[in-house]
Structure formats: structure tokens, C-alpha cells
Amino acid sequence: MAVRGEVVKLDRGYPLVRLEDGTLLRAEHATALVKEGQERAVIGDEVLVALPDEHDKAIIEEILPRRRTFTRKDPTERALPQVLAANFDQVIVAQPITEVNLRRLERELVLAFETGAKVAVVLTKADLAADADAVASVEAKVRALAGANVPVLVMSAEDPTSVEAVRALMAPNTMTILIGRSGVGKSSLVNLLAGSAVQQTSAVREGDGKGRHTTVSREIVPLGNGARVVDMPGVRGLGLWEAEEGLDAAFADIAQLAEQCRFRDCQHQQEPGCAVRAAVEAGEISPERFASYQALVEETRALKQRREEARWMQKEQPGAKRRGHKKRSGKNK
């Protein structure tokens with residue numbers, strides 16, 4: 001008889017599953033799941049596991065329907081999705097205030113918005129900034145990019161009030177995932193929120209605030225207020241996957257202007273009556289932001305085309321034709 005549980009930790013070994021009675025078990029995927037090539041369980045997944053006698057691990061027999069996923073294009077494949085987390089309520093994008101990368105932040109926001117979860121930005125390591133004016137300048141740029149509906153918080157490990165402000169974003173009985181490249185301070189933030197060293201961190205060099213990335217696992221960490229948080233290991237590749245809605249949300253100003261273009265399928269190039277190009281020329285939208293938007297749109301279109309090509313190639317494979325013939329002839333029952 002299968003019992004229900006949740007994947008609470010993923011590392012280089014087997015998933016750790018917490019059963020409804022609180023029991024923690026290491027688990028492996030059922031052979032049927034592996035053979036059928038279905039999605040592997042990820043952090044936050046609700047699963048059904050079997051507990052066979054004389055077996056040292058539970059068996060994940062089924063991954064229950066996900067209400068939300070954080071998905072990127074698999075960096076090792078041409079046109080396949082890779083789910084990194086499931087069933088969360090909020091995505092917090094973390095970047096160090098001393099070296100904010102606005103282009104990466106745009107991409108991170110697109111991926112975060114695409115999940116349908118709440119989105120916030122936390123600017124870490126404010127104690128390493130040159131002065132208050134430098135902090136204010138960067139914060140203003142990030143707020144302008146993220147939009148009025150996205151909370152942007154500045155956090156310093158030396159300022160408990162700023163840590164409490166981040167904790168306040170995480171309501172009881174909700175789960176938040178932290179995303180950001182290696183070295184932005186996500187593990188340190190989790191430790192501060194949890195009130196203990198639950199995540200390993202490395203020493204940070206004085207002067208540039210950089211240190212070696214140490215987090216290699218994903219783990220749900222409970223907080224004192226009943227919320228939960230996951231530090232996602234630094235992800236270098238942030239390829240978009242079916243990100244049209246995320247693009248419209250991250251670039252809401254451009255999306256709204258696009259509705260005023262003369263042509264519904266306007267590509268914002270040289271078409272007459274393009275409201276987006278007019279806004280760029282009038283200085284209402286920076287050329288850099290528009291160029292970034294166009295590049296992400298083109299990336300999404302190109303990926304969609306590759307997916308279609310892959311589907312057609314799969315249909316044309318001799319093996320696929322034979323399988324179809326067997327099914328029609330009634331021999332594949």
C-alpha cells in the first residue's frame with residue numbers, strides 16, 4: 001500500500017521524503033517511472049511511496065499533480081524542460097547589491113513570473129556597499145526594472161531589521177524558493193532566517209565579498225513562523241521555457257505598449273504605427289531594456305521552433321511509424 005509524502009531534500013544521493021506522520025525516508029524511483037521517462041521527483045513534490053519489506057529504501061511510485069513548477073530549458077538538451085522545484089508559493093530573486101547584473105535579473109524575473117507565484121527581489125550584502133548613496137542608486141534601478149508590484153528589499157547581515165523585513169515576506173504555511181547565482185548570499189540568508197547554521201557557507205574574501213559556492217543540495221528549511229524556504233543552488237544556465245506569460249509580466253511596460261501597436265503581430269522592428277518603437281525613440285523605454293526584451297522574445301521563439309522541429313522528427317522516425325502501424329492493426333494490445 002502506497003503512502004503519501006513530500007520530497008524535502010535533494011542532493012547527490014536519493015531523495016529524502018517526509019511522510020505525513022513525520023517519518024523521514026530515503027527513496028528511489030520505481031523502475032516503471034524510470035523506464036517511461038517520466039519527470040523525476042523534485043524538491044516540493046508530493047509523492048506516493050511504497051514501503052516494501054526487506055528493502056532499505058522507499059519506492060516513489062507516483063508523482064502527484066503539481067500546482068506550480070520552476071522550470072528552465074535543460075542546459076544539456078536541445079529542447080527539453082527541466083523542473084527544479086514544485087508546489088511553492090513565492091520566488092525570491094537574490095542579487096548582491098555591490099554587483100547587480102540587471103540583464104540577468106531580467107531573465108530571473110521572467111522565469112519567476114512564469115511560475116505564477118508571488119515574486120520579490122532581495123538585494124544582499126548591503127554592508128559591503130560603499131555608502132548609503134550607492135545603495136539607494138542601485139535600489140532605484142532595480143525597483144524601476146522590477147515594477148511597482150514587486151517588493152524590493154535591501155538586506156544586510158549586520159542589520160537585524162532588514163532580515164526581519166525579508167522574513168515578513170514569508171507567510172506561515174507557505175514555501176518560498178530562493179534563486180540567484182552562486183555567491184549572492186542565499187545560504188547566509190537562509191541561516192539568518194532560520195536562526196541557525198542550517199546551510200553550509202564558505203569564507204568570504206575581504207574587499208570583494210566573494211566566496212566559493214558550497215550549496216549542492218536543495219532542502220526545505222522550516223522557519224520559526226511556520227513558513228518554509230528552499231535555497232536553490234546557484235544556477236548558471238537560465239534558459240527560458242514557454243516563458244511568454246513571464247515575459248509579459250517582467251516587461252509589463254513593453255507588453256502594455258504593444259497592445260497599442262497598429263498591427264497585432266507587430267515585431268517592433270520597422271512596422272508603421274509601432275507604439276513600442278515610438279516609446280524607445282521618445283526615451284520612455286531605454287534602448288538597453290528594449291534590446292534585452294527583444295533578445296528574450298527571440299530566444300523564446302527559437303526554442304518553440306526547435307520544439308516543433310523535434311516533434312516532427314519524432315513523428316518521422318521509422319520506429320514511431322512502426323509503433324503507429326501496430327496500434328492501428330490491433331497488434332499492440
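When reading the values below, keep in mind they use all heavy atoms of this one structure, side chains included, and skip hydrogens, waters and symmetry mates.
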Side chains of Arg289 and Gln294: is there a donor and an acceptor less than 3.5 Å apart?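 The criterion, which ignores hydrogens and geometry beyond distance, is not satisfied for Gln294 and Arg289.
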Rounded to the nearest 0.5 Å, what's the gap from [atom1] on [X] to [atom2] on [Y]? Could you check?
X      : Y      : atom1 : atom2 : answer
Ile220 : Phe88  : CD1   : CZ    : 11.5 Å
Thr174 : Arg228 : OG1   : CZ    : 9.0 Å
His268 : Ile254 : NE2   : CD1   : 8.0 Å
Ser188 : Met155 : OG    : CE    : 7.5 Å
Phe290 : Glu284 : CZ    : CD    : 13.5 Å
Arg277 : Glu271 : CZ    : CD    : 9.5 Å

Any sub-3.5 Å donor-acceptor pair from [X]'s side-chain atoms to [Y]'s backbone N or O?
X      : Y      : value
Arg143 : Val152 : yes
Arg167 : Leu192 : yes
Lys186 : Gly180 : yes
Asn87  : Gly44  : yes
Ser137 : Asp133 : no
Asn225 : Met170 : yes
His29  : Ala41  : yes
Asp159 : Ser156 : no

Show your working on side chain to side chain contact (heavy atoms under 4.5 Å, CB included) between Val297 and Leu247 and close with a plain yes or no. CA-CA 8 Å; Val297 167; Leu247 273 166; 4.1 Å; yes
What do you reckon, is CG of Asp21 surrounded by more than 12 foreign heavy atoms closer than 6.0 Å?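 Yes.
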Got a sec: does the OH of Tyr14 have more than 12 other heavy atoms crowding it under 6.0 Å?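 Open.
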Does [X] pair with [Y] as a salt bridge, N-O distance under 4.0 Å?
X      : Y      : value
Glu99  : Arg181 : yes
Arg4   : Glu46  : yes
Asp11  : Arg218 : no
Arg67  : Asp89  : yes
Glu299 : Arg107 : yes
Arg264 : Glu259 : no

Shortest non-hydrogen contact from Val93 to Leu109?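 For Val93 versus Leu109, the nearest heavy atoms are CG2-CD2, 4.3 Å.
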Provide the closest heavy-atom pair for Leu51 versus Ala58 in the form atom of the first, atom of the second, distance.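 That closest heavy-atom pairing would be CD2-CB, 3.8 Å.
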Please walk me through it: do Gln82 and Arg40 pass side chain to side chain donor-acceptor pair (under 3.5 Å)? CA-CA 10 Å; Gln82 182 184 45; Arg40 301 295 192 273; over 6 Å; no
Assess whether side chain to side chain contact (heavy atoms under 4.5 Å, CB included) is satisfied between Cys266 and Val276, documenting all intermediate values. CA-CA 9 Å; Cys266 183; Val276 175; over 6 Å; no
Find out if a path of hydrophobic residues (ILVMFWY) with successive side-chain heavy-atom gaps under 4.5 Å connects [X] to [Y].
X      : Y      : answer
Leu24  : Met175 : yes
Val135 : Leu145 : yes
Leu105 : Met232 : yes

Among Ile63, Val83, Leu64, the one residue meeting side-chain contact (heavy atoms from CB on, under 4.5 Å) with Asp45: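 With Asp45 as partner, Ile63, Val83, Leu64 yield a single side-chain contact (heavy atoms from CB on, under 4.5 Å), made by Ile63.
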Leu153: which of Val121, Thr124, Leu169 passes side-chain contact (heavy atoms from CB on, under 4.5 Å):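 Among Val121, Thr124, Leu169, the one meeting side-chain contact (heavy atoms from CB on, under 4.5 Å) with Leu153 is Leu169.
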Step by step, would you call Glu108 with Gln95 a side chain to side chain donor-acceptor pair (under 3.5 Å)? CA-CA 10 Å; Glu108 290 170 331; Gln95 287 218 16; 3.1 Å; yes
Checking side chain to side chain contact (heavy atoms under 4.5 Å, CB included) for the pair Val91/Ile179: CA distance, chi angles, key distance, verdict? CA-CA 7 Å; Val91 181; Ile179 67 170; 4.0 Å; yes
Not counting sequence neighbours, which residues clear side chain to side chain donor-acceptor pair (under 3.5 Å) with Gln90? List them please.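 Listed in chain order: Thr176.
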Going through the distances and angles, do Ile60 and Leu33 end up as a side chain to side chain contact (heavy atoms under 4.5 Å, CB included)? CA-CA 8 Å; Ile60 297 175; Leu33 286 180; 4.2 Å; yes
